[in-house]
Each structure stands twice: as structure tokens, then as C-alpha cells.
Amino acid sequence: MENFYFLFEDLNNWSIWDQKGYTIGFMVLFFSTLLYLFIFYLLLGRKSMRFSSMGSWFLFGVYNLITIFISTLLLEGFQVFELSVFGEFYYEIWLFTIINALYGFVLYFLFSLVFKRFSIFSKYYPVKF
């Protein structure tokens, strides 16, 4: 799981991470993305054409990115590093959080290609084929 997150980063600098840290980050990434796709395509995409636009799709992707960023930051800080408050700057937490958020948008795009088939009004977003 470590290689999924750090394709270009040397893993020798990450001695504090254990399997728990990567698993929590991946679960936040996966379930948040599925939640926002479910809301956009299955709830709103079947109800009306109000949210059936590329701007709404992108906005839900940004909401997903922000949710993943905040959730990963809090969960990794309090679970893996066992911090009581965020008083100190930890490079590892911030870098992992940013990587996880960027992967969140990429996963949102890729899963959109699958979920758009289940929508009535939003079936042409993000791409039409």
C-alpha cells in the first residue's frame, strides 16, 4: 500500500508510518469518493437536470477533495501520530494529506466513468461516449 502513495518519494524517510496509517488514508479516499459519486450520479443525477452540468461535476470533485484533505489530516494526526493538538508542523502528515487529496480527485474522475452509466440526466459528464 505504501507504493500506491509514494511513487516518487523515498520510503526510508517515513519510519513513523505503519500499515495502519496507509490503510486509514486509503479508506478515507475510497469511501469519500464513493459517497460523493453516489450523491451526484444516483441521487441528484436521477432527480432533475439542475445539477447536470460540467461545473456541478467539478464542484462535487472539489468537495470530495476538501473532504478527503480534512478527514485525512485529522485522522492521521490523531490516530497515527497520536497528537493531542495540532501545535507542531509535521511534514509527513501534510505531504500524505496532499497526496491523498490529489488521488481523491483522480479516483473521482475514474469512478465517474463507471457511475455515469447509472444516471439519467448526468450521463454525459465528465466525458461523452
Side-chain angles (χ1 to χ4, degrees):
M1 178 109 24
E2 299 93 15
N3 295 328
F4 174 74
Y5 282 106
F6 300 106
L7 297 174
F8 305 108
E9 179 73 23
D10 185 21
L11 290 175
N12 296 328
N13 299 335
W14 296 80
S15 60
I16 194 160
W17 294 92
D18 55 354
Q19 193 63 25
K20 178 177 144 184
Y22 295 114
T23 305
I24 290 173
F26 185 74
M27 300 261 302
V28 167
L29 169 74
F30 187 73
F31 288 122
S32 175
T33 302
L34 286 180
L35 175 72
Y36 278 99
L37 285 170
F38 179 79
I39 291 171
F40 182 73
Y41 285 109
L42 298 177
L43 293 181
L44 299 176
R46 289 178 163 266
K47 211 168 208 182
S48 71
M49 289 188 65
R50 180 174 179 200
F51 294 101
S52 180
S53 68
M54 190 65 173
S56 296
W57 176 85
F58 185 76
L59 190 63
F60 271 81
V62 170
Y63 289 157
N64 182 38
L65 189 138
I66 292 170
T67 303
I68 290 173
F69 183 84
I70 292 172
S71 300
T72 304
L73 182 67
L74 294 176
L75 286 173
E76 296 295 329
F78 293 125
Q79 292 287 328
V80 176
F81 282 80
E82 297 176 355
L83 300 174
S84 59
V85 293
F86 277 108
E88 299 177 27
F89 179 78
Y90 284 96
Y91 169 76
E92 291 89 2
I93 294 175
W94 287 98
L95 184 63
F96 183 78
T97 301
I98 291 170
I99 290 172
N100 208 29
L102 292 176
Y103 274 151
F105 197 80
V106 170
L107 197 66
Y108 179 77
F109 174 76
L110 293 176
F111 280 0
S112 289
L113 300 176
V114 175
F115 271 76
K116 72 182 204 160
R117 302 286 181 214
F118 304 113
S119 178
I120 295 172
F121 297 109
S122 300
K123 62 184 173 184
Y124 298 120
Y125 300 106
V127 293
K128 181 178 180 178
F129 60 82

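With Ile24 as the fixed residue, the side chain to side chain contact (heavy atoms under 4.5 Å, CB included) test singles out one of Leu75, Leu29, Thr72: Leu75. When the options Ile98, Asn100, Ile99 are evaluated for a side chain to side chain contact (heavy atoms under 4.5 Å, CB included) with Leu102, the one that passes is Ile98. Checked against Trp57 for a ring-ring contact (aromatic ring centres under 6.0 Å, His included), the options Tyr108, Tyr63, Phe51 give a single hit: Tyr108.
A single hydrophobic cluster is seen to contain both Leu110 and Leu35, as judged by linkage of ILVMFWY side chains at heavy-atom distances under 4.5 Å, directly or through other members.
For the pair Thr23/Phe26, no side-chain contact is recorded, criterion being any heavy-atom separation below 4.5 Å from C-beta on. Looking at heavy atoms from C-beta onward, Tyr125 lies out of side-chain contact with Ser112 at the 4.5 angstrom threshold. You'll find the side chain of Tyr41 stays beyond 4.5 Å of the side chain of Phe118, heavy atoms only. Within the 4.5 Å cutoff, no side-chain heavy atoms of Leu37 are placed close to those of Asn64.
In this structure, Phe121 and Met49 approach most closely via the heavy-atom pair CD2-CG, 3.0 Å. Scanning both residues, Ser119 and Gly45, for their nearest heavy atoms gives OG-O, 3.2 Å.
Heavy-atom neighbours of Phe105 CZ from other residues, nucleotides or ligands within 6.0 Å: above the threshold of 12.
In this structure a side-chain-to-backbone donor-acceptor pair under 3.5 Å is missing from Glu76 to Thr97.
Residues passing the side chain to side chain contact (heavy atoms under 4.5 Å, CB included) test with Leu34, sequence neighbours excluded: Phe30, Phe111, Phe115. Taking Ser71 as the reference, Val28, Thr67 meet the side chain to side chain contact (heavy atoms under 4.5 Å, CB included) condition, with sequence neighbours excluded. Partners of Ile70 under the side chain to side chain contact (heavy atoms under 4.5 Å, CB included) rule, at least two apart in sequence or in another chain, are Ile66, Leu74.
Atom CG of Leu65 sits about 10.5 Å away from atom OH of Tyr36, to the nearest 0.5 Å. Distance CZ/Phe109 to CG/Leu113: 5.0 Å, rounded to 0.5 Å. In this structure, CZ in Phe60 is found 13.5 Å from OG1 in Thr33, a value given to the nearest 0.5 Å.
Between Phe96 and Tyr22, the two ring planes are perpendicular [angle over 60°; tilted spans 30° to 60°].
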